[in-house]
Amino acid sequence: QVQLVESGGGLVQAGGSLRLSCAASGRTFSNYAMGWFRQAPGKEREFVAAITWIVGSTYYADSVKGRFTISRDNAKNTVYLQMNSLKPEDTAVYYCAADAHGLGSSRSREYDYWGQGTQVTVSS
């Protein structure tokens with residue numbers, strides 16, 4: 001059974017920082033890409049960032065480029081999302097996902113496994 005467990009969400013003021021973590025377990029993720037998505041109330045789930053597991057290529061949504069950084073620790077099977085210069089519009093539930101194709105797609109339908117989500121709230 002594959003499990004993805006996010007942590008690190010919370011309440012922060014605009015301009016602040018948070019680091020999200022996603023711990024993966026249940027199988028070998030050496031060929032997987034990992035992604036972060038978010039969903040705000042009343043909006044569709046949207047792509048935030050992705051990283052391929054072996055090479056470590058990274059991809060970002062335009063809205064977070066220069067502010068967010070995705071990284072991974074292969075030994076710990078953990079992916080991180082460092083979020084700096086947070087804005088109120090970053091408020092959402094953030095989800096970690098695993099892509100067996102290993103491509104780091106921005107399309108949510110390409111991902112095979114999902115975490116339960118962690119709430120990030122940015123106050124103005």
Side-chain angles (χ1 to χ4, degrees):
Q1 188 76 8
V2 174
Q3 281 194 320
L4 301 176
V5 180
E6 303 99 333
S7 60
L11 173 64
V12 64
Q13 288 188 333
S17 298
L18 283 174
R19 189 176 82 154
L20 305 183
S21 299
C22 173
S25 63
R27 66 171 301 144
T28 300
F29 287 87
S30 58
N31 294 323
Y32 280 58
M34 301 296 292
W36 286 98
F37 290 77
R38 65 187 182 186
Q39 188 167 18
K43 295 187 177 181
E44 292 187 354
R45 190 170 297 189
E46 65 174 359
F47 171 76
V48 175
I51 185 167
T52 59
W53 204 258
I54 297 176
V55 177
S57 299
T58 57
Y59 308 92
Y60 296 94
D62 288 343
S63 59
V64 305
K65 278 181 182 177
R67 300 189 299 123
F68 291 11
T69 302
I70 188 171
S71 62
R72 89 280 192 224
D73 184 331
N74 291 351
K76 295 182 178 179
N77 269 3
T78 300
V79 177
Y80 304 98
L81 185 68
Q82 178 67 44
M83 305 186 295
N84 298 329
S85 302
L86 282 162
K87 305 175 181 179
E89 51 263 44
D90 294 318
T91 295
V93 176
Y94 283 71
Y95 297 91
C96 171
D99 168 17
H101 300 91
L103 299 177
S105 172
S106 62
R107 296 185 294 270
S108 60
R109 64 177 181 269
E110 299 291 341
Y111 288 77
D112 305 277
Y113 303 102
W114 292 83
Q116 82 289 349
T118 186
Q119 177 70 48
V120 171
T121 302
V122 184
S123 62
S124 57

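Quick caveat: nothing in here was measured; it's all calculated off a predicted structure.
- Although no hydrogens or angles enter the test, the distance criterion places a donor-acceptor pair under 3.5 Å between the side chain of Tyr111 and the main chain of Ser105.
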(Q) Applying salt bridge (Lys or Arg N to Asp or Glu O under 4.0 Å) to Asp62 and Lys65, what does each step give before you reach the verdict? (A) CA-CA 5 Å; Asp62 288 343; Lys65 278 181 182 177; 3.2 Å; yes

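- The two residues Asn74 and Arg72 have their closest heavy-atom pair at OD1-CG, 3.1 Å.
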Applying side chain to side chain contact (heavy atoms under 4.5 Å, CB included) to Ser21 and Lys76, what does each step give before you reach the verdict?
CA-CA 11 Å; Ser21 299; Lys76 295 182 178 179; over 6 Å; no

Determine, step by step, whether Val48 and Tyr95 satisfy the side chain to side chain contact (heavy atoms under 4.5 Å, CB included) criterion, reporting the C-alpha distance in whole Å, the side-chain angles of both residues, the deciding distance to 0.1 Å, and the verdict.
CA-CA 9 Å; Val48 175; Tyr95 297 91; over 6 Å; no

Walk me through whether Trp36 and Val79 qualify under side chain to side chain contact (heavy atoms under 4.5 Å, CB included). CA-CA 9 Å; Trp36 286 98; Val79 177; 3.6 Å; yes

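- Annotation for Glu110 and His101: closest pair O-ND1, 3.7 Å, computed over non-hydrogen atoms.
- Taken together through direct or relayed side-chain contacts under 4.5 Å among Ile, Leu, Val, Met, Phe, Trp and Tyr, Val93 and Trp114 form part of one hydrophobic cluster.
- Leu4 and Ala24 get closest at one heavy-atom pair: CD2-CB, 3.5 Å.
- In terms of heavy-atom proximity, Gly104 sits nearest to Ala50 at O-CB, 3.6 Å.
- Between the side chain of Thr121 and the backbone N or O of Thr91, no donor-acceptor pair lies under 3.5 Å.
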May I have the step-by-step check of side chain to side chain contact (heavy atoms under 4.5 Å, CB included) for Met83 and Arg67, ending in yes or no? CA-CA 6 Å; Met83 305 186 295; Arg67 300 189 299 123; over 6 Å; no

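- Between Thr69 and Tyr60 the shortest heavy-atom distance is CA-OH, 3.3 Å.
- Looking only at distances, no side-chain donor or acceptor of Ser106 sits under 3.5 Å from a matching main-chain atom of Phe47.
- For the atom pair CZ of Arg38 and CG of Asp90, the computed distance is 4.5 Å after rounding to the nearest 0.5 Å.
- The hydrophobic clustering, which links ILVMFWY residues whose side-chain heavy atoms are closer than 4.5 Å, places Tyr32 and Leu103 apart.
- Figure legend: cation-pi geometry between Arg45 and Phe37 absent, as NZ or CZ is not positioned both under 6.0 Å from the six-membered ring centre and within 45° of its axis.
- Residues Tyr113 and Leu20 share a hydrophobic cluster, clusters being chains of Ile/Leu/Val/Met/Phe/Trp/Tyr side chains in contact below 4.5 Å.
- In this structure, the side chains of Tyr80 and Asp73 come closer than 4.5 Å at one or more pairs of heavy atoms.
- The same ILVMFWY cluster, assembled from side-chain heavy atoms under 4.5 Å apart, contains both Phe68 and Val122.
- Taking OG of Ser108 as the reference point, atom CD of Glu44 lies at 9.0 Å (rounded to 0.5 Å).
- Under the 4.5 Å side-chain contact rule for hydrophobic residues, Val64 and Val120 share a cluster.
- The backbone N or O of Gly117 sits less than 3.5 Å from a side-chain atom of Glu6, completing a donor-acceptor pair.
- Of all heavy-atom pairs spanning Ala92 and Gln119, the tightest one is O-NE2, 3.4 Å.
- To the nearest 0.5 Å, the span separating CD on Gln13 from OG on Ser124 amounts to 9.5 Å.
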